[in-house]
Amino acid sequence: GAVVSQHPSWVICKSGTSVKIECRSLDFQATTMFWYRQFPKQSLMLMATSNEGSKATYEQGVEKDKFLINHASLTLSTLTVTSAHPEDSSFYICSARDPTERVLLPWGTFGSGTRLTVV
Amino acid sequence: DAKTTQPPSMDCAEGRAANLPCNHSTISGNEYVYWYRQIHSQGPQYIIHGLKNNETNEMASLIITEDRKSSTLILPHATLRDTAVYYCIVRVASWANSGYSTLTFGKGTMLLVSP
C-alpha cells in the first residue's frame, strides 16, 4: 500500500527560529498533499492544500507567511514554521494523495506526524 | 456531507471483538462510509470503507444496515495495539478535486483495549 514518510517525528526548537518538516510519498507520486495541525484532544485541522508545482491554498485563519509550504516535486512537500513561538507547538500531520486513488481515498495517506515543541 | 454520531468511548477486552457503532441517518445515496483510526501521537490510518454492501479486509469488517443509516466497524480480535480513536466519516466519492479541504474527523470513539 501507499506509504508516506514524515520527518522529523519530533522537534524542539527555540522561540524565534524556523523549523522545516518534510513529507514524502515513498511509492507513489502525489500531485496533492495536505498539511494538518492537531492540538491535544482535538481533531485534525486542515492548514493548507498543496498541488505540485503551484502555490499552496491556505485555509482561512492560517498565516501563509508563517507556514511556508513547498511542493516542488511529486514526492516531496515541506512545511516550514517560520519564527516559531510557543503557541505554534502542536502535532503537524501531512497526507499525500495518490491521484489513481483519489476517488476512494480522497484524503490520501497520512504521515506519522511531527510533534513540534517551541520553548 | 452527512453528519455522523459515535459514542465518545468504548472498552474492549483483549482478544474479544470490538464493535464500534456509527449513526449517519442523513446519508445520501452516493455517500460512502469511511473508517479511520488514530493511535496516540500518530497520523490517522485508513481502515475500511463501503457504500452498501458489507466489507471485510485484513484489518476489520464493516457492516452497513440495509437502510444505510448506521454502520458498525468490527475488529474481530482486538489487541492492545488497537487502542485508538476511531472515526466514522461519510463522504461522496468523486473525481472532483474540490471539497476535500473540508475534511473533519469529528470526535470519534476512543476505544480502550485492556488485557
Side-chain angles (χ1 to χ4, degrees), chain A residues 1-10 21 23 31-52 54 56-62 90-117, chain B residues 1-6 8-9 22 30-53 55 57-60 62 81 83-112:
Chain A
V3 178
V4 174
S5 173
Q6 187 171 341
H7 179 80
S9 56
W10 61 270
I21 302 169
C23 181
T31 52
T32 303
M33 290 189 175
F34 305 91
W35 287 95
Y36 298 85
R37 181 167 54 181
Q38 185 176 35
F39 292 106
K41 298 189 183 298
Q42 295 187 22
S43 187
L44 275 71
M45 292 174 51
L46 180 68
M47 299 175 66
T49 302
S50 73
N51 292 299
E52 186 267 337
S54 62
T57 302
Y58 290 81
E59 294 299 299
Q60 192 171 10
V62 178
S90 188
F91 191 53
Y92 292 87
I93 306 168
C94 72
S95 70
R97 191 166 72 194
D98 184 339
T100 65
E101 299 214 12
R102 63 181 173 174
V103 173
L104 297 181
L105 288 178
W107 305 289
T109 298
F110 289 86
S112 55
T114 297
R115 175 78 56 192
L116 170 63
T117 301
Chain B
D1 298 326
K3 180 181 177 180
T4 63
T5 304
Q6 299 176 254
S9 63
C22 179
N30 61 347
E31 288 182 312
Y32 283 75
V33 180
Y34 292 85
W35 282 85
Y36 280 76
R37 74 179 182 183
Q38 187 175 21
I39 295 171
H40 182 63
S41 292
Q42 295 186 24
Q45 177 188 24
Y46 165 82
I47 301 174
I48 199 167
H49 74 278
L51 182 63
K52 296 180 182 178
N53 300 323
E55 303 289 343
N57 62 21
E58 64 278 4
M59 289 183 68
L62 174 61
R81 288 179 294 181
T83 292
V85 179
Y86 287 78
Y87 298 98
C88 168
I89 309 162
V90 175
R91 189 79 189 198
V92 175
S94 169
W95 285 107
N97 197 40
S98 62
Y100 298 125
S101 63
T102 58
L103 166 67
T104 54
F105 277 134
K107 296 186 182 299
T109 296
M110 175 64 216
L111 174 68
L112 176 62

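None of these values were measured; they are calculated from a predicted model. Chain identifiers are assigned alphabetically (A, B, ...) following the order of the sequence lines, protein sequences preceding nucleic acid strands; residue numbering begins at 1 within each chain.
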>> For Met110(B), is the CE atom crowded, meaning more than 12 foreign heavy atoms sit under 6.0 Å from it?
In response: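 Enclosed: over 12 neighbouring heavy atoms sit under 6.0 Å from CE of Met110(B).
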> Taking all atoms of both residues into account, what is the closest heavy-atom pair of Gln38(B) and Phe91(A), and its distance?
Replying inline: NE2-CE2, 4.1 Å
> In terms of heavy-atom pairs under 4.5 Å with chain B, which of Arg115(A), Gln38(A), Gln42(A) leads?
Replying inline: Gln38(A)
> Using non-hydrogen atoms only, which part of Gln45(B) is less than 4.5 Å away from chain A: side chain, backbone, both, or neither?
Replying inline: neither
>> Which one wins on heavy-atom pair count under 4.5 Å against chain A: Ser41(B), Pro44(B), Gly43(B), Gly108(B)?
In response: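 When all of Ser41(B), Pro44(B), Gly43(B), Gly108(B) are compared, Pro44(B) has the most.
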> Tyr92(A): what forms a ring-ring contact (aromatic ring centres under 6.0 Å, His included) with it, not counting sequence neighbours?
Replying inline: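 So Tyr92(A) forms no ring-ring contact (aromatic ring centres under 6.0 Å, His included) with any residue.
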> Can you say whether Gln6(A) sits under 4.5 Å from chain B via the side chain, the backbone, both, or neither, judging by heavy atoms?
Replying inline: neither
>> Could you measure the distance from the CH2 atom of Trp107(A) to the CZ atom of Arg91(B)? Nearest 0.5 Å is fine.
In response: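 Atom-to-atom, Trp107(A):CH2 and Arg91(B):CZ are 6.0 Å apart.
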>> Can you tell me how far apart OH (Tyr87(B)) and CG (Leu44(A)) are? Round to the nearest 0.5 Å.
In response: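 Separation between the atoms: 7.0 Å.
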> Under the salt bridge (charged side-chain N to carboxylate O under 4.0 Å, His left out) rule, what pairs show up with a residue in residues 36-45 of chain B, not counting sequence neighbours?
Replying inline: Arg37(B)-Asp82(B)
